Number of protein chains: 2
Amino acid sequence: MAAAKTARKSGPRRAERKIRAHGEESRERILDAATQIAGERGYDGTSVALVSERSGLPASSIYWHFESKDQLIAAVIERSFHRWLERMHAWVPPREGESQEELFEAAIRRTAAALTEAPDFLRLGLMLALERRPQEATARRMFLQVRERAYKGMVASYEAFFAGALDAADVRALATLTMAAADGLFIAQEVDPAGVDLDDAFQLLAEALLGAAKALSARRDRSRR
Amino acid sequence: MAAAKTARKSGPRRAERKIRAHGEESRERILDAATQIAGERGYDGTSVALVSERSGLPASSIYWHFESKDQLIAAVIERSFHRWLERMHAWVPPREGESQEELFEAAIRRTAAALTEAPDFLRLGLMLALERRPQEATARRMFLQVRERAYKGMVASYEAFFAGALDAADVRALATLTMAAADGLFIAQEVDPAGVDLDDAFQLLAEALLGAAKALSARRDRSRR
DNA sequence: CTTGTTCTGTAGTGATCGCTACAGTACGCT
DNA sequence: AGCGTACTGTAGCGATCACTACAGAACAAG
């Protein structure tokens with residue numbers, strides 16, 4: 001019913017028999033297990049019994065920390081998003097001595113790196129996004145919100161990057177294509193890790209996007225004439 | 001246990017009470033319901049009871065036509081793939097009076113049209129593809145096989161189209177990017193139908209790919225020098 | 001030591017899961 | 001009419017589902 005709020009500094013460990021974790025530590029272990037399982041089997045495939053087994057904690061503990069399975073999976077999305085965000089923010093774009101194109105390509109490659117380093121977020125998120133059950137899961141709503149934020153951030157930086165060359169609609173189209181290609185490449189790599197080199201693929205994507213931007217601004221010039 | 005093989009021309013209809021469908025007709029109705037539900041809720045979310053309810057046929061009929069839930073969902077993938085293939089094959093590329101680029105763009109747009117007209121195939125396929133349970137579903141294997149065939153077909157036509165300009169590895173990279181972008185744009189449209197115009201997006205994708213191809217062949221020239 | 005809080009362990013609840021046994025019905029064939 | 005095949009309807013199997021009641025363990029503070 002009630003969820004733990006207060007953190008605790010996790011007391012001494014019993015060396016014997018079952019390892020007893022406390023509070024935050026248990027919560028993390030439950031989230032670890034749930035992340036793993038939900039990434040393997042999706043929303044319905046994630047059973048509380050399986051999470052219990054893989055985390056080593058009984059169902060009652062899971063329900064002490066989370067009020068329902070729905071909320072548990074929402075918490076999984078939330079945590080994995082924040083981890084992904086950390087990876088993205090840890091990156092500082094190089095400022096000097098690089099051309100615009102090189103900066104653009106570096107930003108795209110950084111996105112690729114964040115996706116490979118924290119794949120749980122996008123994997124589970126896409127699974128949830130594709131579902132369209134009558135009453136949608138909390139986690140799905142959460143993923144779509146967070147994704148919308150990422151999209152808006154991308155639009156903002158594209159507007160700065162392509163200022164003058166493209167109008168607002170073109171920038172949105174380009175951002176949509178970027179996000180779609182990133183999703184698709186991620187899936188391709190999940191399906192066949194050996195068949196795709198994400199670094200190369202995102203490098204090529206960057207070049208493709210610059211080509212598309214040129215085509216868009218050429219189109220604009222043509223129609224303005 | 002045994003599945004029906006023979007078709008029947010579906011006898012007279014009882015006007016009263018429960019509509020009694022026969023043979024092939026029932027099979028189709030079960031597949032319709034299963035397609036709908038699996039597209040909404042994924043593999044685990046598709047329960048036989050729900051398929052029974054939505055098709056109006058009892059579970060025993062489902063198990064008369066299909067030997068297991070696994071095989072049922074595999075049959076869903078198979079049927080929706082064939083429907084998608086029909087849409088693709090119904091298209092004859094225009095031969096005369098168009099430039100190479102226009103032909104390329106027309107082919108890409110046709111893919112987009114097939115995806116919007118028969119979305120069940122890719123929707124369920126991608127949901128299955130993202131799952132990675134220990135013993136994978138038959139339907140997932142089937143989707144990945146079929147997808148591999150589509151990829152090889154694309155590589156073959158790209159090899160013809162970019163003959164001379166690109167080598168084999170470049171063509172594969174370009175085909176991978178194409179497929180990834182198509183998947184991603186499809187997802188974007190499923191998530192927010194109002195936010196994406198697939199025709200425009202695929203048009204832009206075609207231009208982006210041509211740009212990427214130019215970048216690749218420029219890279220090749222540079223390294224050969 | 002006592003008391004209160006936090007978390008775990010045991011043991012369930014009723015509902016739903018995939019699947020089946022089997023009798024009953026509809027219909028074509030002769 | 002009789003017979004066989006092709007389904008459908010009812011009923012229910014054991015397993016697993018999400019979730020809960022509740023007592024007890026671990027520890028902190030007094």
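Lettering follows sequence order; numbering is per chain, from 1. Values in this document were obtained by computation on a predicted structure and should not be read as measured data.
- With rounding to whole Å, E24(B) atom CD is found 12 Å from dA6(D) atom P.
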- Task: Decide salt bridge (Lys or Arg N to Asp or Glu O under 4.0 Å) for E117(B) and R87(B); before the verdict, give the C-alpha distance in whole Å, the side-chain angles of both, and the deciding distance to 0.1 Å.
- Result: CA-CA 8 Å; E117(B) 285 164 29; R87(B) 311 251 174 186; 3.2 Å; yes

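- The environment of R133(A) atom CZ is dense: over 12 non-hydrogen atoms of other residues, nucleotides or ligands sit within 6.0 angstrom.
- Note: CD1 (I62(B)) to P (dC17(C)) measures 12 Å, nearest angstrom.
- The nucleotide whose nearest atom lies closest to any side-chain atom of S60(B) is, among dA21(C), dC19(C), dC7(D), dA21(C).
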Kindly indicate, with the supporting measurements, whether the criterion side-chain contact (heavy atoms from CB on, under 4.5 Å) is fulfilled by Y43(B) and R41(A). CA-CA 9 Å; Y43(B) 186 91; R41(A) 318 171 76 118; over 6 Å; no

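- Outside the 6.0 Å centre-distance limit, the rings of F186(A) and F121(A) are not counted as a close aromatic pair.
- In summary, of the residues considered (F81(A), F143(A), W84(A)), a side-chain contact (heavy atoms from CB on, under 4.5 Å) with L122(A) occurs for F143(A) alone.
- Distances from the side chain of P58(A) to the nucleotides dT8(D), dT8(C), dC19(D) place dT8(C) closest.
- We find that CD of E67(B) is positioned 18 Å from C1' of dC7(D), with the value rounded to whole Å.
- Each of dC19(C), dT10(C), dT8(D) was ranked by its minimum atom distance to the side chain of S68(B); first place goes to dC19(C).
- In this structure, H65(A) places its NE2 atom 18 Å from P of dT5(C), rounding to the nearest Å.
- dC17(C) atom C1' lies 15 Å from atom CG of D70(B), rounded to whole Å.
- Within the 4.0 Å cut-off from OP1 or OP2 of dG9(C), not a single side-chain nitrogen or oxygen of S61(A) is found.
- Across residues 47-54 of chain B, S47(B), V48(B), A49(B) each have a non-hydrogen atom less than 4.0 Å from an atom of DNA chain C (numbered order).
- Nearest to the side chain of Y63(B), among dT20(C), dT8(D), dT20(D), sits dT20(C).
- Distance Q71(A) CD to dA18(D) C1': 14 Å, rounded to the nearest Å.
- Between the side chains of T138(B) and D70(B), at least one donor N or O sits under 3.5 Å from an acceptor N or O.
- Taking atom NZ on K69(B) and atom C1' on dG18(C), their separation rounds to 8 Å, with Å as the unit.
- Put simply, the residue from L124(A), L128(A), I187(A) that forms a side-chain contact (heavy atoms from CB on, under 4.5 Å) with L130(B) is I187(A).
- Comparing atom distances between the W64(B) side chain and each of dA6(D), dC19(C), dC19(D) picks out dA6(D) as nearest.
- Between the CD1 atom of I30(B) and the P atom of dG18(C) there is a distance of 14 Å, rounded to whole Å.
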